[in-house]
Structures are given as C-alpha cells and as structure tokens.
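For reference, the structure is listed below as structure tokens.
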Amino acid sequence: MEATAAIFNDETALRDFIHGRGHGVKGLADRAVPKVPQKYVRPPHERIVEHATRRPTPPHLYDQLHLPISLKALLDGSDDDRELVVDKIVRAAEALGYFQVIDHGVPVELLEAVKCSIHEFFEQRAEEKLVLSTGKIATYRTSYLSEKEPVWDWRDSLTMSYTSDAEAMENWPTVCKEIMLEYMKASSKMSATLVEALLGKLGGTVDERKFEGLTGHKVVHMNYYPPCPNPELTMGARCHSDKSLITALLQDRVGGLSVKAATDVYGVKKGDWIDVPPVEGALVINVGDVMQILSNGRYKSPEHRVRTSRNSSRISVAVFTNPVMSENIGPLPQTITEANGVACYREFIYKDYLVNYVTTVHTGKRPLDFAEIDNHA
Ligand SMILES: O=C(O)CCC(=O)C(=O)O
Ligand SMILES: [Fe+2]
C-alpha cells in the first residue's frame, strides 16, 4: 500500500497512478479505497439524485419503453411483417432515440464470450494495458479526456478502430481481438439494416456510395466500471450523446445506464432520466448525433449516462457505426423539404465534427451545437 495516502491527497500522484502507470480506476478500486479521491467527486448539480429526475419505470409504461423489438422479420427479409418492425424502430427513434432488440442475428454464446473477453482485458496487469495508452488504433484510457476534465469518470475503457482485419490483428490487444472482431462482424448486418430502415423512412434515396460513406467506419468501445465506494458522488460515464449514426450496446446484468427524454413521451416528462434495464440476450440501440443531423432532428440522439455501483463491477461494449472521416454530413435534402425548407443543422465534414467532439469536455449535447443552426436568431 506504498502510496495510497499520496494517491489520495495529491493530484499529481493520483494522475501518475491512474494514467501514468496504467492502473486505471480499477487499480484504485482493487486497493479497496474507503472513499473516492476528490478528483472523482462531481459538483452537486451533476450528481445523480435518486428521488428527483430519476424515476423507476411505471409498470404500465415498461412495454412501450423497454420491450425488446424482434428483428427477425427485418433480417430475414422475407416476411410481410417487415414494415411493422420498421414502424416500431422508427417510432422508438423519434421518441427516445433508444430501444432494445432481440433476434438480432448475434448468437447468445458469442455475447457471453464477448463479456468474458472484456473482463479478461481489464483484469490484465497494469503494464499490459499501459502500452495501449498511446495506441492510435487501440487506445486504453481512463475517464475520457482526462487532461482537460476537472472531474474524472469512474470508468476505464478500450477503444478499437476498425479499417481492416490485418490492421486489427496487428493492433488490437491479443486477449480480446479475435472475439471482438467476430462480434463486430456478427453485429454489422443488424446495424446496417437498422440504418437502412431509419434512412429509408426519411423519404428520398441514399445511394450505395453514400451509404458506405455514412456507415464505413466501425469503432468498438469496451467499458469497465469498477465497484465504487461513493455512487452518490460519482459518475461512471458522464452525460453525453454518441457521435455515431447508431450505437449497438451490449451490457451485463448489473444495470446503471439511463437515457434522458428529449421530449414529453410515453408518459415520461422531457428531461426525465429513464433507466435502461439489462435484458438477457438483447442489445441496446442508441440513435447517434449523425443520425439526428441526417434526419434534421426527427430522430433523437439521446443524452445518456452511467451511474456507478457500490457492490459490483460492470462491463459494456458499444459498437459505433460511424461515417468515414471525409464524409459530408448534413440534413438529407428531403428532410429539409419536409420541414418547409428549414434546416436545423449545417453541412460539415465528419472529421471536423470528430475533432470538435474529442477535444471538448462532454457536458450533454455540446458536440451537437457544432452543427446546429439557430433558426430563431
Ligand atoms: O456503459 C454503458 O452502458 C454506456 C456506455 C456509453 O454510453 C458509451 O460507451 O458511449
Ligand atoms: Fe454512449
């Protein structure tokens, strides 16, 4: 326990322990610290207040909010029920921008293997993770923009960018690369089908080249949230929205993710936080910022956050379907026509959005401000 006191009282020592030596917040939790260092304490207005905006889902709303949508008809492509499924997805994307899916085409055994693989990665020795802290293709970090953030998230993560099998095999960590690659590929058909269904309902057409540009960059992002002695003071993942078209998230049974209602919907008030319950075998789908922009605001990219748990560690993995860097993004022409010529977002190159996103400390929707047009000015 050489330096526990120093780690606790001195930010430089804490930074060195967490980031410099690769221990991450897991290293802190492994030392069974009785309380979190000050660097993890959120200001009162950012804490998760159990009794205020966060309400358990009333039983009569459970189905509307959380009942997983079966994608069987959509993926098999033969059933007359396809349209019914598309309608459900579109309604969910318009309402909360969050829904859960089953019959998604990814075998349950693979989902289990993925969860084991995530544990295996984070349970390695600090030195093995540390080498990835400067990685460009696979990057290990703790919190998100730790250099800039006044308060850190209680989470370690590994982000793996995919451009080719060869590059992934060379750069992704040995303990998890094969399973993660298999999972990314197994979930790709589902993600592409969901994007196609959502774009299809916006009217007009997106040709093959444009579709490839919009969906051509996959990023796999694994999260590890260790048990936390002060869940009431901390955040596992701060409030943010994803920079993707859509995100497919696999979570374990612990729970802790919640999404914020962007409007009054299904008996939930705008601004309320809705817990996303773990559903065995299901994947959580979030609409991302790019989809909100393409749809000119019709689909919602929900702000979401993760609380910490006193007793359990929690893992999750997000597969982001992102545009390629050079892609031109803006509301699709037909969505502007539908809105009587009013565009809510300007056009931009995705890379510029990304640079803004990864250099700005996340506080809710700020990355979206980058593209927003103030039509009331
Ligand atoms: O861990 C979760 O449930 C959500 C993680 C998340 O929002 C993200 O990785 O973007
Ligand atoms: Fe997210």
Side-chain angles (χ1 to χ4, degrees), residues 24-26 48 54 66 93 96-101 111 114-115 118-119 121-122 138-146 149 152-161 180 183-184 187 191 217-228 231 234-260 262 273-280 282-292 299-309 312-322 353-354 357-358 360-368:
V25 69
K26 181 175 185 303
I48 298 183
R54 182 177 160 251
H66 304 301
L96 284 174
Y98 139 78
F99 51 98
Q100 304 214 31
V101 295
L111 299 181
V114 165
K115 289 187 238 174
I118 297 173
H119 278 288
F121 173 78
F122 287 104
T139 316
Y140 167 70
R141 59 166 80 83
T142 162
S143 198
Y144 189 70
L145 287 174
S146 59
E149 292 161 346
W152 289 338
D153 290 354
W154 193 261
R155 126 169 113 161
D156 299 330
S157 65
L158 178 73
T159 310
M160 292 174 284
S161 163
M180 287 302 156
Y183 173 61
M184 188 205 78
S187 63
S191 299
H217 186 205
K218 292 271 181 202
V219 175
V220 180
H221 180 78
M222 303 180 346
N223 295 300
Y224 184 90
Y225 308 89
C228 176
T234 52
M235 197 77 90
R238 69 191 61 210
C239 178
H240 68 283
S241 56
D242 295 342
K243 54 192 181 298
S244 56
L245 260 84
I246 59 163
T247 304
L249 183 99
L250 172 65
Q251 61 171 332
D252 65 15
R253 295 174 188 177
V254 175
L257 171 65
S258 54
V259 295
K260 191 178 184 178
W273 285 96
I274 300 153
D275 284 349
V276 172
V279 176
E280 208 60 40
L283 295 172
V284 172
I285 307 296
N286 274 341
V287 167
D289 290 351
V290 176
M291 183 63 89
Q292 177 163 331
Y299 301 140
K300 310 291 184 299
S301 164
E303 293 175 67
H304 51 284
R305 67 186 186 189
V306 178
R307 64 175 188 280
T308 55
S309 157
S312 313
S313 63
R314 173 175 183 271
I315 49 113
S316 69
V317 55
V319 177
F320 300 116
T321 298
N322 290 345
Y353 192 71
L354 209 59
Y357 189 101
V358 300
T360 312
V361 173
H362 291 197
T363 47
K365 278 287 197 193
R366 278 184 40 199
L368 256 185

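One-based numbering, in listed order, for ligands and for the atoms of each.
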Would you mind telling me if ligand 1 is within reach of the side chain of [X], the backbone, both or neither, using heavy atoms under 4.0 Å?
| X | result |
| --- | --- |
| D242 | side chain |
| R155 | side chain |
| F320 | side chain |
| L249 | side chain |
| H240 | side chain |

Would you say [X] and [Y] make side-chain contact, with heavy atoms under 4.5 Å?
| X | Y | answer |
| --- | --- | --- |
| H240 | H304 | yes |
| T247 | T321 | no |
| R305 | M235 | yes |
| F121 | M180 | no |
| L96 | I274 | yes |

Go through ligand 1 atom by atom and flag the ones less than 4.0 Å from a non-hydrogen atom of [X].
| X | result |
| --- | --- |
| H304 | 7 (O) |
| H221 | 9 (O) |
| N223 | 1 (O), 5 (C), 9 (O) |
| V306 | 1 (O), 2 (C), 3 (O), 4 (C) |

Any idea which N/O/S atom from H304 gets closest to the Fe ion (ligand 2)?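 Looking only at N, O and S atoms of H304, the one nearest the Fe ion (ligand 2) is named NE2.
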What atom name does the N, O or S atom of D242 nearest to the Fe ion (ligand 2) carry?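 The D242 atom nearest to the Fe ion (ligand 2), restricting to N, O or S, is OD1.
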Please confirm whether the ring centroid of Y98 lies under 6.0 Å from the ring centroid of H66.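 Judged by ring-centre distance (under 6.0 Å), Y98 and H66 do meet the cut-off.
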Looking at Y353, is K243 sitting on its ring face, NZ or CZ under 6.0 Å from the six-membered ring centre and within 45 degrees of the normal?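 No cation-pi geometry.
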Using distance alone, decide if ligand 1 has a nitrogen or oxygen within less than 3.5 Å of any nitrogen or oxygen in Y225.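 Among all N and O atoms of Y225, at least one is under 3.5 Å from an N or O of ligand 1.
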Less than 3.5 Å apart, any donor N or O on the side chain of S241 or D289 sitting next to an acceptor on the other?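 A donor-acceptor contact under 3.5 Å links the two side chains.
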Report the nearest protein non-hydrogen atom to atom 3 (O) of ligand 1: residue, atom name, distance rounded to 0.1 Å.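 For atom 3 (O) of ligand 1, the nearest protein heavy atom is R314 NH2, 2.8 Å.
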Which one of R238, R155, R141 satisfies the salt bridge (charged side-chain N to carboxylate O under 4.0 Å, His left out) criterion with E149?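 With E149 as partner, salt bridge (charged side-chain N to carboxylate O under 4.0 Å, His left out) holds for just one option, R238.
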